[in-house]
2 protein chains.
Amino acid sequence: MKTRKAEAARRLQEVEDRFVDLWDTMSSLWGISPTMARIHGVLYITGAALSMDDIMARLAISRGNVSMNLSKLVEWGLVRRVHKRGDRRDYYESLSDVWEMFTLVASQRKRREIDPILSTLRRCRDELSADGLGDEKAEPSTQQRIRRVNDLLEFLTLMENLAHRFFEGDHGLKTAVGLLAEKS
Amino acid sequence: MKTRKAEAARRLQEVEDRFVDLWDTMSSLWGISPTMARIHGVLYITGAALSMDDIMARLAISRGNVSMNLSKLVEWGLVRRVHKRGDRRDYYESLSDVWEMFTLVASQRKRREIDPILSTLRRCRDELSADGLGDEKAEPSTQQRIRRVNDLLEFLTLMENLAHRFFEGDHGLKTAVGLLAEKS
DNA sequence: TACACCTTTCAGGAACCTATGAAATTCTAG
DNA sequence: CTAGAATTTCATAGGTTCCTGAAAGGTGTA
């Protein structure tokens with residue numbers, strides 16, 4: 001009986017390890033660092049509040065590393081600090097709702113990475129237009145550049161609208177996307 | 001007159017430079033390397049077929065670097081090799097349709113990065129379920145893990161359906177997304 | 001206040017990724 | 001077939017990011 005339980009635990013751990021590796025793999029997709037992802041992976045899959053030492057042991061990484069990455073995770077809002085009565089250590093637990101995690105990460109990346117891109121792109125367009133129009137009906141090559149920048153802007157603006165529904169419209173997206181996906 | 005033209009050209013180049021930098025910035029978002037993105041940026045914004053030497057000069061990067069990254073761009077399908085009569089050099093030009101570029105990159109990333117993730121995730125689920133059911137009605141902790149893996153799978157599957165409409169449904173996505181965005 | 005226990009910070013080093021430039025290869029014209 | 005031009009490959013250098021472990025910083029208890 002004991003051996004069967006031990007065996008089960010071992011296999012559970014194996015699956016967990018694979019899951020954490022998966023999280024690691026996904027990290028580049030989500031734009032967070034691999035170790036940060038691994039830590040979050042452990043917290044998500046176990047569904048428990050773990051201490052720094054738990055995580056250090058589980059992933060075999062240093063204290064400093066865990067500390068840094070945990071604080072980043074808390075900053076992102078993916079992980080919460082929790083306390084246990086009579087224990088001075090901090091414990092950490094992950095959000096459980098996948099949609100919430102997704103929108104959190106995506107909206108922050110949008111703000112940090114996409115919004116600045118859009119504004120420089122708009123500046124490009126404006127300067128090109130100004131130059132182009134000022135200069136004897138614009139050289140054909142300038143016209144072409146203006147067209148290309150506009151195409152790109154049009155595309156990104158569309159994407160932005162879509163993103164807006166995702167991140168701002170309190171889960172209106174969830175249904176919208178669900179409908180869209182099911183209709184196929 | 002000459003100076004005005006020269007002045008205009010200078011300014012055009014400035015805007016182009018900013019555009020190329022922008023492409024560079026976006027590269028992490030699209031999952032391609034920065035230099036690859038810069039090269040593609042030049043090709044896209046100029047809209048012309050350029051030789052390797054043109055690109056080397058424009059971006060001040062080495063021949064080998066240009067060669068490697070151009071061949072990757074051709075592999076991705078973002079850039080086409082073209083020939084000019086009476087010129088032994090190869091010339092390269094970018095796709096012009098933003099949607100086409102987007103779907104090209106996205107569908108390839110999906111195939112390379114997301115599909116493998118989905119299949120390992122499914123393996124995780126199956127193994128967890130097998131273990132969980134085998135073991136006297138499953139420990140609560142195992143049940144929780146199964147639930148979490150399933151939540152994630154559900155989410156990703158939804159996303160996959162959505163992606164399917166994007167990449168396989170010959171531009172059906174374009175209208176779908178357009179509608180979705182405008183409706184807001 | 002001093003101690004014990006955690007957590008955070010940070011300099012140094014390891015690992016990883018990318019660019020260079022010269023050598024090797026391929027290609028074309030004569 | 002050869003010469004010369006164009007391209008590709010690849011070992012090495014250079015740069016960047018990431019991790020570690022030790023020291024410093026907080027916080028609650030005696």
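All values below were derived from every heavy atom in this structure, side-chain atoms included, with hydrogens, water molecules and symmetry-related copies excluded. Naming: A, B, ... by sequence-line order, numbering from 1 per chain.
For the pair A:R63 and C:dC5, the criterion of a side-chain N or O lying under 4.0 Å from OP1 or OP2 is not met.
Remark: C1' of D:dT17 and CE of A:M36 are 15 Å apart, rounded to the nearest angstrom. Here the P atom of nucleotide D:dA3 and the CZ atom of B:R88 are 14 Å apart, to the nearest Å. Here C:dG13 presents its C1' atom at 14 Å from CG of A:N65, a figure rounded to the nearest Å. Taking atom CD1 of residue A:I55 and atom P of nucleotide C:dC6, one finds them 15 Å apart after rounding to whole Å. Taking atom OH on A:Y91 and atom P on C:dC5, their separation rounds to 15 Å, with Å as the unit. Atom CG of A:L50 and atom P of C:dT7 are 13 Å apart (whole Å). When the P atom of D:dG14 is taken as reference, atom CD1 of B:I61 falls 19 Å away, rounded to whole Å. In this structure, CG of B:L70 is placed 10 Å from P of D:dT7, rounded to the nearest angstrom.
Between A:S33 and B:D90, it is B:D90 whose nearest contact on DNA chain D lies nearer the 5' terminus. Toward the 5' end of DNA chain D, the nearer of the two residues B:S71 and A:P34, judged by each one's closest nucleotide, is B:S71.
Side-chain polar atoms of B:D126 and B:S129 form no donor-acceptor pair below 3.5 angstrom.
Backbone-only contact: A:R89 has heavy atoms under 4.0 Å from sugar-phosphate atoms and none from a base.
Ion pairing between a basic and an acidic side chain is recognised when a charged N comes within 4.0 Å of a carboxylate O; A:R10 and A:E14 show such pairing.
Between A:L43 and A:E93, every side-chain heavy-atom pair lies at or beyond the 4.5 Å cut-off. Residues A:R58 and A:T46 have side chains not in contact (no heavy-atom distance under 4.5 Å, counting atoms from C-beta outward).
With distances taken from any side-chain atom of A:Y92 to the nucleotides C:dT8, C:dC10, C:dA19, the minimum falls on C:dT8.
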